[in-house]
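From a predicted model like this one, the values you see are computed outputs, not experimental measurements. Start at 1 with the first residue, then count along the sequence. Computation of the quantities below employed the complete heavy-atom set of this structure, encompassing side-chain atoms and omitting hydrogens, waters and symmetry-equivalent molecules.
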Amino acid sequence: MQKIGVFVCWCGSNIAATVDVKAVAESAYSCPGVVYATDYQYMCSESGQTMIKQAIKEYGLTGIVIASCSPRMHETTFRKTAQAAGLNPYMVEIANIREQCSWIHKDMEVATEKAKVLLRAAVAKLNLNKPLTAGTSPVTKRALVIGGGIAGIQTALDIADAGYKVDIVEKKPTIGGKMAQLDKTFPTLDCSACILTPKMVDVAANENVKIYSYSEVESVSGFVGNFTVKIRKKARYVKEDLCTGCGACTEKCPSKKARNEFNMGLDTRPAIYIPFAQAVPKLAVIDPNACIKLKTGKCGLCERVCEAKAIDYTQKDEIIEEQYGAIVAATGFNPIKLDKFGELGYQYPDVVTSLEYERLMNAAGPTKGHVVRPSDGKKPKRIVFIQCVGSRGQSCRDKSYCSKICCMYTAKHAILTKDHYPEMDVKVFYIDVRTPGKNFDEFYRRAVEEYGVEYIKGQVGKVYEENGKMMVQGSDLLSNEQLTIPADLVVLATAIEPDESARSVATMLTASMDTNDFFTEAHAKLRPVESPTAGIFLSGTCQGPKDVPETVSQASAAAAKVIGLLAKDYLTGNPCVAGADPMICNGCSQCANVCPYGAISYVEEEVRGPGVREVRRFARVNEAVCQGCGACTVTCPSGAMDLKGFTNRQIMAEVDAICK
């Protein structure tokens with residue numbers, strides 16, 4: 001029988017306000033093995049931890065139960081406390097009487113009884129606990145960043161500057177992401193390219209950084225410190241080591257009708273192209289869907305004009321396998337698709353998204369920075385901006401969240417438009433104006449007060465074409481009027497959503513996602529750049545809507561976490577790993593099929609037991625790879641697979657204690 005100590009935390013008033021903590025502590029003495037029980041206001045404080053250490057030594061405790069908050073908060077804290085007092089850290093159990101009890105009950109009597117039950121279950125499990133010893137595994141001192149936007153670039157630069165090797169995998173032919181498409185950035189209105197391109201050059205020139213552009217992650221296996229990643233490097237049909245980026249091939253290419261993705265489809269590009277002037281790497285790439293040679297076998301003009309002899313029509317996709325100690329997800333965002341918003345007129349050429357308008361305003365854009373109507377190339381006299389398109393909605397087509405950046409970039413567009421064309425009439429329909437950042441509100445007020453932009457509080461119900469004008473029907477909630485405003489150009493501030501690759505990347509990384517497909521952090525306050533999966537970190541808008549400064553801040557934070565991991569030569573493993581009983585295992589392979597870490601293999605060995613001596617096929621778990629998720633234990637039809645620290649006996653003991 002164990003000698004167990006019970007420590008009930010008040011958590012200030014978080015627990016004590018709805019749970020009689022003294023009564024819970026007293027009830028512990030009725031549990032088998034409990035020799036000491038007490039309560040304290042803040043058990044995680046230094047004085048609380050000192051109390052635990054003294055009790056362990058004074059009463060010779062072999063295990064302790066902390067009745068407090070979620071183990072996600074302080075399980076590590078209390079394990080370190082126990083270890084400092086000479087107790088095995090895995091002889092510590094947490095009874096969650098805050099999140100699972102006090103926070104969800106109003107009646108003290110009910111909450112107190114439930115807390116007693118949770119405590120009783122924890123003691124029952126602890127009575128069957130055994131001391132566990134964690135193993136160690138080496139750390140591969142190389143990091144992978146998935147995504148080459150400003151978040152991925154900043155993360156990679158910080159890791160590389162700390163002296164560690166880092167690879168960037170970017171699915172597009174160049175790094176830079178959405179920021180490369182912007183004209184100016186709010187609230188300073190400095191040139192986006194002037195900020196971004198030096199960093200793109202820096203990351204390309206850094207000897208510790210390797211860029212896999214036009215590539216995608218194919219598969220991920222392994223565990224923290226030892227990930228094995230397969231990268232599909234897509235065929236460019238251009239030899240990277242020979243191409244000089246001179247552009248001769250793009251000028252001579254006869255196929256020039258492909259949609260220009262960088263300019264949001266507002267113009268066309270040749271089949272062989274360099275995405276934009278400052279692209280990194282500045283290499284040509286052939287679009288196989290537009291190339292005459294690849295489709296018909298004819299043409300080949302780019303090969304003939306290339307003096308560097310870089311064109312290779314026979315090139316195939318290449319699979320590269322690398323080892324990494326840490327992985328950072330920086331998959332970015334996309335504006336939502338507007339095919340479900342037909343009433344807002346996006347089917348008309350003179351209704352554009354904000355990112356398309358950004359390209360119209362950019363000096364390197366399809367109109368060389370001149371704002372014109374896409375339908376006829378004429379300068380508009382009136383522009384109407386519509387906010388919150390697809391954001392903060394209640395219908396199934398809308399995103400429930402605020403996209404965070406729309407209010408500010410619309411104010412930026414309005415200011416820049418009025419600055420270039422003072423005579424132009426600019427109106428903005430809005431629900432609320434949200435400007436929470438530094439100097440953001442002043443920027444918005446500048447649009448209204450200095451530039452005379454008219455903000456109309458109300459929603460737009462319909463946009464349609466009439467007599468060559470876009471008619472915007474909406475409501476003015478402040479004057480309680482219905483409006484129909486003729487406009488030459490309508491700009492939709494669309495919601496943003498995670499990149500379409502985010503879900504598949506998260507699946508490969510076994511990372512968590514929310515209902516909107518944003519990556520979920522391990523803890524919103526204490527671990528905001530870490531995934532719940534060890535060794536996986538989050539950077540930028542893959543985790544939620546952000547502006548550029550916030551994205552860069554999080555990117556550096558993620559890099560700091562990666563550096564802290566790579567600085568270690570060895571990592572302490574999780575001793576709560578699975579194991580199979582060879583006497584029961586029938587070798588069915590079901591556990592191996594569900595293991596997300598590939599930790600289970602099968603061996604054929606002689607098995608000896610009472611009255612048994614035969615060669616059998618059974619499961620064997622690689623404890624260095626196993627992460628203790630428990631998927632195999634619930635899948636095993638014979639009950640041969642068990643999890644140390646969470647055995648079937650321990651779980652059933654908890655159930656029995658609860659049902660008493």
Once you measure the plane-to-plane angle for Phe385 and His413, does it fall in the parallel (<30°), tilted (30-60°) or perpendicular (>60°) bin?
parallel

Determine, for Arg269 against Glu261, whether the closest basic-nitrogen to carboxylate-oxygen distance falls under 4.0 angstrom.
yes

Give a yes or no on whether a salt bridge exists between Lys404 and Glu550, defined as a side-chain N under 4.0 angstrom from a carboxylate O.
yes

[X] [atom1] to [Y] [atom2] distance, which is reported to the nearest 0.5 Å:
X: Ile175; Y: Ile211; atom1: CD1; atom2: CD1; value: 4.0 Å
X: Asn574; Y: Ser137; atom1: CG; atom2: OG; value: 11.0 Å
X: Phe186; Y: Asp547; atom1: CZ; atom2: CG; value: 5.0 Å
X: Leu144; Y: Thr155; atom1: CG; atom2: OG1; value: 11.5 Å
X: Thr367; Y: Leu266; atom1: OG1; atom2: CG; value: 8.0 Å
X: Ser255; Y: Lys295; atom1: OG; atom2: NZ; value: 6.5 Å

Could you tell me whether Lys561 sits above the aromatic face of Phe537, with NZ or CZ closer than 6.0 angstrom to the six-membered ring centre and within 45 degrees of the axis?
no

Are Lys141 and Tyr164 in a cation-pi setup, meaning NZ or CZ lies under 6.0 angstrom from the ring centre and within 45 degrees of the ring axis?
no

[Y] backbone acceptor or donor facing [X] side chain under 3.5 Å:
X: Ser192; Y: Met179; result: yes
X: Thr228; Y: Ser221; result: no
X: Thr551; Y: Ala151; result: no

Decide yes or no for [X] and [Y]: does some side-chain heavy atom of the first lie under 4.5 Å from some side-chain heavy atom of the second?
X: Lys184; Y: Met361; result: no
X: Met641; Y: Val621; result: yes
X: Phe341; Y: Ile336; result: yes
X: Leu344; Y: Leu338; result: no
X: Leu492; Y: Ser354; result: no
X: Leu182; Y: Leu355; result: yes
X: Ile272; Y: Tyr237; result: no
X: Phe227; Y: Leu509; result: no

Over all heavy atoms of both residues, which pair between [X] and [Y] is shortest? Give the atoms and the distance, please.
X: Val328; Y: Ser539; answer: CG1-CB, 3.7 Å
X: Ile292; Y: Pro254; answer: CD1-CG, 4.2 Å
X: Lys546; Y: Thr541; answer: N-CG2, 3.6 Å
X: Thr250; Y: Pro270; answer: O-CG, 3.6 Å
X: Val505; Y: Ile146; answer: CG1-CD1, 4.0 Å

Paired with Ser213, the side chain to side chain donor-acceptor pair (under 3.5 Å) test is passed by just one of Arg236, Lys233, Lys234, namely Arg236

Quick one: which residue pairs count as a salt bridge (Lys or Arg N to Asp or Glu O under 4.0 Å) with a foot in residues 151-179, not counting sequence neighbours?
Arg142-Asp167, Lys171-Asp499, Lys171-Glu500

Centroid-centroid under 6.0 Å between Phe262 and Tyr273 rings
no

Any pair counted as side-chain hydrogen bond (donor to acceptor under 3.5 Å, both in side chains), so long as it reaches residues 514-524, sequence neighbours left out
Arg503-Asp517, Glu521-Gln543

With side-chain hydrogen bond (donor to acceptor under 3.5 Å, both in side chains) as the criterion, how do Glu216 and Ser501 come out once you've worked through the C-alpha distance, each side chain's angles and the decisive distance to 0.1 Å?
CA-CA 9 Å; Glu216 296 187 41; Ser501 65; over 6 Å; no

Walk me through it: do Thr174 and Met200 pass the test side chain to side chain contact (heavy atoms under 4.5 Å, CB included)?
CA-CA 10 Å; Thr174 174; Met200 293 168 62; 4.1 Å; yes

Verify the distance criterion only: is there a donor paired with an acceptor across the side chains of Glu240 and Tyr214 at less than 3.5 Å?
no

